[in-house]
Structure formats: C-alpha cells, structure tokens
There are 2 protein chains.
Amino acid sequence: MEDSDSYILESQIGFVMRRVVQRHIAIFFSLIPDLTPTQFAALAKLCELGQASQNELGRLTSMDVATIKGVVDRLRGRGLVSAEPLATDKRRLILTPTPQGKALYRKLVSRAREVSQQTLSPLSEAESQQLMMLLRKLD
Amino acid sequence: MEDSDSYILESQIGFVMRRVVQRHIAIFFSLIPDLTPTQFAALAKLCELGQASQNELGRLTSMDVATIKGVVDRLRGRGLVSAEPLATDKRRLILTPTPQGKALYRKLVSRAREVSQQTLSPLSEAESQQLMMLLRKLD
DNA sequence: CAAAAATTGTTTGTGTACAAATAGACTGTG
DNA sequence: CACAGTCTATTTGTACACAAACAATTTTTG
C-alpha cells in the first residue's frame with residue numbers, strides 16, 4: 001500500500017540519464033569550448049553528407065525544425081555553414097559546410113572522439129560496449 | 001591517417017543518450033502532461049524531504065541555481081509549493097509543498113513509475129538492471 | 001572583533017528543445 | 001487541370017540548462 005513511499009527519484013532512469021548527460025556536456029565543453037555538442041553534431045553530419053537541406057539535417061541529427069533552425073543560424077553566423085535556396089525546389093534551403101566549417105570539423109573531430117572516451121572512462125571496454133548496446137535498444 | 005572519416009555521429013555516447021532522453025521525455029509527457037520531468041523531480045524531492053531551501057533542493061535534484069529558481073517559481077505559480085524566508089538565516093528561502101502539491105504528487109507518483117517502466121520496456125529485467133548499474137558509474 | 005571567504009538567491013544572456021500556427025511550394029489523385 | 005494533402009521553413013511562446021555577475025547575509029579565521 002505505501003505506494004508513494006517507494007519512489008526513489010535517484011533510481012529513476014530519467015533522472016540518472018539527465019545527470020549523465022550533464023556530465024557528458026561538461027566534458028564536451030572542457031575539450032571543445034568552440035562549439036556546443038548540438039552544433040558539432042550538425043556540423044559533423046553536414047561535413048559527412050557534403051550537403052543537405054535544413055530539414056533533412058534536422059532529421060538526421062534528431063533536431064526539431066525550430067531547433068535545427070537556431071543551430072544552423074548560429075553556424076551560419078559564424079561562417080561555418082553557407083545556405084542558399086534550391087532552384088528546383090524553392091521550399092528547401094540547401095546547406096553546405098564552408099571551407100572554414102570543414103577545417104574546424106577536421107580540427108575538432110579527434111577531440112570529439114576524446115569526449116566520448118572520457119565520458120565512458122569509468123567503464124571497461126566490455127562495459128562500454130554493453131552500455132551502447134543497451135542504449136541503442138532504447139533509441 | 002583518414003582519421004576524420006571514422007567519426008560516426010550515431011555511435012557516439014552523447015548522441016545516443018540525447019535521443020534516449022528525448023524518447024523518455026516524450027513518454028513522460030504522454031503519461032504526465034501536468035508537469036515536466038524537471039518540475040516533477042523537484043516536487044517529488046520536496047515531498048520526500050517535507051521542506052528544503054531552494055538551493056538545497058537544487059543540489060539534490062541536480063539543478064543549477066538559475067534553473068531551480070525557474071522551476072520553483074513555476075511550481076509556486078501553480079500553488080504546488082509555498083516559500084518563505086527563514087528567520088534564522090535570512091539568505092535562505094524555505095520551500096514546502098502545499099496540500100495541493102502533496103496531493104498532486106501522490107496522484108502522479110504511480111504514473112511516474114510507469115514512465116520509468118515504459119522507458120525501459122524494450123529491455124528485459126536483467127538488461128534494465130545492467131543499464132542502471134552502468135549509468136550509475138557514469139554519474 | 002574585523003576583514004576575508006563562503007553561501008544563498010536573483011538577474012541577464014546564450015543555447016537547446018518542443019508545440020503550435022502560418023505561409024509558400026510541391027505532389028498526387030480525381 | 002485543379003485542389004487536397006504534404007513538405008519545408010519561419011515565427012512565437014514556454015521551459016530547461018549553464019555561465020557570469022551581483023547583493024545580501026552568514027561563517028571563518030587571523
């Protein structure tokens with residue numbers, strides 16, 4: 001019966017994940033103060049693709065239309081991404097990384113790998129793989 | 001050498017966690033549209049404690065001073081939490097859940113448990129425990 | 001006890017994140 | 001071909017999240 005007494009906030013998956021994400025973002029910032037994780041994700045995906053519409057980039061990086069707009073605007077504002085409307089489909093805004101965007105990405109990518117590594121550093125290799133496998137199932 | 005080619009955004013712990021958190025928040029909202037996860041966390045912890053200063057509540061729920069202020073302001077605005085300065089230490093703002101706050105918490109707590117359960121539903125019991133154990137190490 | 005240090009809370013500014021509404025452009029089907 | 005439905009992007013509003021700076025108040029310590 002004492003149903004409400006058994007709710008331990010600290011044991012809830014959402015609470016723990018929020019804390020782990022906070023730690024991860026702090027590590028990211030310590031190694032890559034230049035960009036936020038979200039901005040880096042958008043830039044990385046765009047560099048991988050070479051080119052994409054804003055909407056497409058949002059879908060591929062799991063960002064809402066409003067969110068990706070803000071992120072892209074900031075990347076454009078810093079000259080890392082250029083944008084122009086597509087002639088054959090006037091709805092779309094085609095994004096391309098600028099040379100500076102590509103250069104920055106190349107410069108940061110090894111540090112980004114380091115971020116993932118540091119985040120997982122309390123775990124063994126086997127544990128890290130286990131964790132990734134489990135998280136993927138919740139994706 | 002082709003170092004930058006081997007960065008797979010989708011395999012990075014940060015990216016995957018961001019997606020898992022997004023899914024969790026969506027589940028939370030579907031079952032508990034009344035409050036955000038953050039608001040519920042603050043209310044839950046305050047109900048557990050009976051009483052706390054704003055700063056203390058923030059620390060216990062892993063919220064920054066500015067964040068906890070916003071969250072508490074909204075809970076106060078809805079009459080779920082009451083606040084008054086502490087006589088013996090005029091810096092502190094003592095928070096207490098109102099009767100409505102307590103009632104809402106009691107009403108929602110079983111649904112909150114359901115949120116955690118649904119979030120973990122793609123995993124077996126053993127896998128869920130494994131995941132929680134691994135996440136705790138990253139905390 | 002007095003000055004230095006620490007704590008609590010507020011404010012401001014930037015950056016996600018999502019819902020909902022809108023406008024313009026395309027696509028498909030009748 | 002028309003028009004209903006879909007897609008892309010923008011805008012607005014709300015809610016975290018954190019850094020940095022500030023004021024007021026303890027607490028520490030020399």
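Order of the sequence lines sets the chain letters (A, B, ...), proteins ahead of strands, with each chain counted from 1.
Here the side chains of A:Gln129 and A:Met132 are not in contact, with every heavy-atom distance at 4.5 Å or above.
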Enumerate, atom names and distances included, each donor-acceptor pair closer than 3.5 Å involving a side-chain atom of residues 21-32 of chain A, sequence neighbours excluded.
| unit_1 | atom_1 | unit_2 | atom_2 | d |
| --- | --- | --- | --- | --- |
| A:Gln22 | NE2 | B:Ser62 | O | 3.1 |
| A:Arg23 | NH1 | A:Thr119 | O | 3.0 |
| A:Arg23 | NH1 | B:Leu138 | O | 3.2 |
| A:Arg23 | NH2 | A:Gln118 | O | 3.4 |
| A:Arg23 | NH2 | A:Thr119 | O | 3.3 |
| A:Ser30 | OG | A:Ile27 | O | 2.7 |

With a cut-off of 3.5 Å and sequence neighbours excluded, list every side-chain donor-acceptor pair involving residues 35-44 of chain A.
| unit_1 | atom_1 | unit_2 | atom_2 | d |
| --- | --- | --- | --- | --- |
| A:Thr36 | OG1 | A:Gln39 | N | 3.1 |
| A:Gln39 | OE1 | A:Thr36 | N | 3.4 |

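Between B:Gln54 and A:Ala66, it is B:Gln54 whose nearest contact on DNA chain C lies nearer the 5' terminus. Of the residues near DNA chain C, B:Arg18 and B:Lys69, the one whose nearest nucleotide (by heavy atom distance) lies more toward the 5' end is B:Lys69.
In this entry the distance linking CG of A:Leu93 with P of C:dC26 reads 14 Å, nearest Å. A:Arg91 has its CZ atom 8 Å from the C1' atom of C:dT27, to the nearest Å. Whole-Å rounding puts the B:Asp64 CG to C:dT10 C1' distance at 12 Å. In this structure, the CG atom of B:Asn55 is 11 Å from the C1' atom of C:dT10, given to the nearest Å.
Within the hydrophobic cluster formed by Ile, Leu, Val, Met, Phe, Trp and Tyr side chains joined at under 4.5 Å, directly or through other members, A:Leu49 is accompanied by A:Leu60.
Under a 4.0 Å N-O distance rule, the pair B:Lys45/B:Glu48 qualifies as a salt bridge. Classification of A:Glu127 and B:Lys137 as a salt-bridged pair holds, one side-chain N sitting under 4.0 Å from a carboxylate O.
Nearest heavy-atom pair, A:Leu120 versus A:Ser128, reported as atom, atom and distance to 0.1 Å: CB-OG, 3.7 Å.
Among the candidates A:Leu57, A:Val71, A:Leu95, the single residue satisfying the side-chain contact (heavy atoms from CB on, under 4.5 Å) test with A:Val81 is A:Leu95.
Contacts of residues 21-52 of chain B with DNA chain C (heavy atom under 4.0 Å): B:Gln22. Using a 4.0 Å cut-off on heavy atoms, the residues of residues 70-90 of chain A that approach DNA chain C are A:Val71, A:Arg74, A:Thr88, A:Asp89, A:Lys90, listed by number.
For A:Ser116 (side chain) and B:Gln12 (main-chain N/O), no donor-acceptor pair under 3.5 Å exists by modelled atom type. Judged purely by atom type and a 3.5 angstrom limit, B:Arg18 uses its side chain to pair as donor or acceptor with the backbone of A:Thr61. With hydrogens and angles ignored, the 3.5 Å screen pairs a side-chain donor or acceptor of A:Thr98 with a backbone N or O of A:Gly79.
Here A:Arg92 does not reach the OP1 or OP2 of C:dC26: none of its side-chain N or O atoms lies under 4.0 Å away.
On the nucleic acid side, DNA chain D has its first and last nucleotide under 4.0 Å of a heavy atom of chain A at D:dC7 to D:dC18, going 5' to 3'.
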